[in-house]
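Counting convention: from 1, in listed order, for ligands and their atoms alike. Just so you know, these numbers come straight off a predicted model, no measurement behind them.
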Amino acid sequence: MQKNDNINLDTPVQFLKGVGPARAKAFEALDVKTAIDLLEYYPRDWVFVPQSIPIRQILPDHNITIGGIVESCDWQPYRRPAIFEAYISDETGMCRIVWFHGGFLRGKLEPGMKIYVSGKVAEYKHQLQMNNPKLVIANDTRDENKDDSTQKLGGPVYPATANLSSRQIKQVVHKSLENIIENLPEFFDKAFLKKNNLIGRKKAFKWIHAPSDEEQIAKAKRRLKYDELFLIQTAIALRRYKATHFSKALALNCDDKIDSRIRKRFPFLLTGDQDEVIEEIVRDLSANVPMNRLLQGDVGSGKTVVALYVALLAVANKTQAVIMAPTEILASQHFLSIERYLKGSKVRRLCITGGLTGAKRKEILGEISTGQADIIVGTVALLQDDIRFKNLAVVIIDEQHKFGVHQRAMLRKDTTPHCLVMTATPIPRTLAMTAFGDLDVSIIKHCPPGRGKVITRYIQPHDIPKAYDFIRERLKAKKQAFFVYPRIVDSANGDVKAAISEYEKLSKKVFPEFNIALLHGQMKSADKQKIMESFRKGKIDCLVSTVLIEVGVDIPNATIMVIEEADRFGLAQLHQLRGRIGRGASNSYCLLAAETENPEAKSRLEIMERSNDGFEIAEYDLKIRGPGELFSPRQHGMPDLKIADIRNDFQLLTLARKDAFAMVENEPMLNTAGNRNIRTELIKKFGDAVGLIDIA
Ligand code: ADP
Ligand code: MG
């Protein structure tokens with residue numbers, strides 16, 4: 001069989017023209033296994049070489065391109081300015097080319113090469129020449145890969161590896177492009193494409209790999225990005241459709257009596273934002289469709305209060321509620337604050353953690369399964385298989401910024417409780433629509449009133465002694481402080497400050513008159529809890545720790561935070577850490593100490609200085625760093641984006657989302673002739689990650 005005679009989209013690359021076993025391996029390293037993978041291996045750039053003219057036809061002051069053989073090269077550093085001079089010739093003549101300060105061309109340009117130069121023609125001493133033209137080397141005779149006659153100049157530039165050059169990829173794509181494209185199915189009808197200003201799918205693949213101008217690239221990109229986003233949004237829409245149509249939850253009733261009884265539990269009025277969010281949640285809970293809601297609110301914005309409201313609503317309906325926290329410290333803190341609010345209440349609440357064993361654990365599990373326990377607070381330990389609930393109606397997950405997707409899925413395995421996920425990480429809209437696209441979103445924007453300001457300063461290590469004096473004054477006034485370090489122990493060369501050694505220094509040398517404690521992840525959980533408790537009670541003045549205190553700690557009297565080696569933390573993490581202070585009425589101070597020349601690290605610290613707005617910080621973070629692992633589609637069972645970029649393609653994302661949700665609402669099985677190609681593609685791309693597909 002002749003290669004390329006009979007290829008379809010799933011043909012292994014090895015059977016494409018120009019690919020042998022060794023190249024196939026190199027392609028596989030790029031995740032390119034089949035013909036369609038090859039087409040979806042998009043160029044990262046494109047180069048266009050303008051039409052060249054014979055040297056004899058050049059005229060002064062015109063922008064032109066000429067092509068020819070390099071006859072001579074000469075680097076003349078002694079000239080003012082220094083120049084790199086070359087002469088090129090074609091059949092019609094010879095032309096002098098000059099690059100001012102062209103030292104970079106030494107060793108790069110040599111006689112015998114074929115080159116193209118574009119630029120303006122000038123006159124110098126009655127001779128025509130080109131100054132500083134753009135250069136394309138067409139045929140580097142030193143290259144072992146001899147020029148391929150089918151190869152056009154310029155064109156796509158592919159992300160290459162040591163074993164596979166852009167040029168080799170280009171050749172392989174070029175030879176098979178037409179053959180592969182023949183088999184590409186279209187997803188949409190003409191009217192739809194026209195309405196959305198999209199070109200056909202075949203054309204899009206052709207133009208992305210072999211465009212003749214920038215406009216074709218733009219049109220191809222738009223279509224391919226749209227498809228990529230549309231498919232992800234369809235998967236999300238299907239998942240959501242399944243969650244809302246194929247499983248039932250307990251409908252919870254909330255009348256005025258219940259509402260006012262719950263509100264009496266709080267020693268303050270709920271804020272407008274809290275009220276609004278509760279209204280949205282109550283509306284969800286009143287239906288027998290499981291709620292899937294994400295509650296976003298900066299640290300200290302009052303999410304725990306909302307969580308307790310929801311849990312109490314479940315209890316008022318004679319059902320159970322679970323509140324899950326990512327760490328034991330946070331779970332016991334949730335439990336403590338719940339205890340505070342529920343003093344004297346008949347509601348039965350339990351705290352269950354990993355440390356629980358033996359008879360005690362059995363007893364507690366019994367209370368959960370018989371329904372004696374109303375509100376159950378705990379960590380992931382709650383997820384162990386032997387825990388059965390009597391009638392679990394609501395699960396509230398305080399994930400802070402650790403999105404445990406699997407945990408969420410597990411909890412919903414055999415029951416379908418309403419699910420509220422709370423996060424203190426402000427998620428930019430684009431990300432919320434992709435990573436969490438199957439959740440409804442509620443936002444608490446404003447913190448409860450009466451909070452002091454948080455003042456942030458980016459300082460140098462040599463400012464630290466001054467900072468110590470400032471902190472000493474605050475400690476004398478009975479305020480408390482956090483000191484945070486990136487590491488527990490010193491690094492091998494000791495150039496990064498670490499919690500243990502700094503603890504020694506702070507407690508013995510700097511603040512011997514105060515009570516300093518150390519907290520880190522390698523301590524026993526009982527010890528950690530004890531220390532947190534003493535800190536909360538004010539018996540400890542300074543807590544020296546690693547990022548452990550990041551999650552949910554709520555101590556209004558702690559008004560100082562020093563983060564050393566602050567350049568080693570990401571923006572989201574810095575913002576989270578800073579959220580531990582500023583919870584009381586007096587002003588708080590966050591000192592970020594770092595010595596760095598890295599401009600990106602500096603700008604992170606500067607934005608921290610400038611802004612306290614979590615959403616602003618998150619948007620900025622997304623801009624400079626990209627969506628990162630936490631939010632990558634892969635985390636959610638979907639492949640990473642190959643061509644779309646959620647940082648820049650928000651409008652297209654919005655459009656694709658609207659279209660995808662409308663399609664699924666209309667025809668959830670995607671079984672009609674018009675939708676079947678989409679369905680096939682979804683199964684191929686996402687497999688099991690798409691919920692509905694397995695039903696049909
Ligand atoms: P989050 O869980 O979002 O970090 P919390 O619910 O722990 O925030 O609330 C932070 C602090 O604000 C707590 O001390 C809480 O008692 C207080 N708080 C919450 N809601 C209000 C409110 N409506 N008015 C006054 N204080 C509130
Ligand atoms: Mg909280």
Going by heavy-atom distance to [atom], choose the closest among [options].
{"atom": "atom 12 (O) of ligand 1", "options": "Gln333, Arg583, His334, Arg451", "answer": "Arg451"}
{"atom": "atom 5 (P) of ligand 1", "options": "Gly272, Ser301, Gly302", "answer": "Gly302"}
{"atom": "atom 3 (O) of ligand 1", "options": "Lys303, Met422, Arg580", "answer": "Lys303"}

For ligand 1, which is the ligand I care about here, please tell me if Gly300 has any N or O atom under 3.5 Å from one of the ligand's N or O atoms.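 Yes; at least one N/O pair falls below 3.5 Å.
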Looking only at N/O atoms, are Gly297 and ligand 1 under 3.5 Å apart anywhere?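 Among all N and O atoms of Gly297, none is under 3.5 Å from an N or O of ligand 1.
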Does Leu269 have a heavy atom less than 4.0 Å from any atom of ligand 1?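 Yes, Leu269 has heavy atoms under 4.0 Å from ligand 1.
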Ligand 1 contact by Asp298, heavy-atom criterion under 4.0 angstrom: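 Asp298: in contact with ligand 1 (<4.0 Å).
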Does atom CD (Glu339) have a neighbourhood of more than 12 heavy atoms from anything else shown, all under 6.0 Å?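 Correct, the count exceeds 12.
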Examine Tyr468 together with Phe511 and report whether their ring centres are nearer than 6.0 Å.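 Yes - the distance between ring centres of Tyr468 and Phe511 falls below the 6.0 Å cut-off.
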side-chain contact (heavy atoms from CB on, under 4.5 Å) involving Phe615 - partner list, sequence neighbours excluded: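 So Phe615 forms a side-chain contact (heavy atoms from CB on, under 4.5 Å) with Gln296, Pro426, Ile443, Asp613.
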Under 4.0 Å to a heavy atom of Gln274 - the qualifying atoms of ligand 1, by number: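 Counting atoms of ligand 1 from 1, those under 4.0 Å from Gln274 are 19 (C), 20 (N), 22 (C), 23 (N).
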Is there a donor-acceptor contact under 3.5 Å linking the side chains of Thr546 and Arg487?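 Judged by distance alone, the side chains do not pair up.
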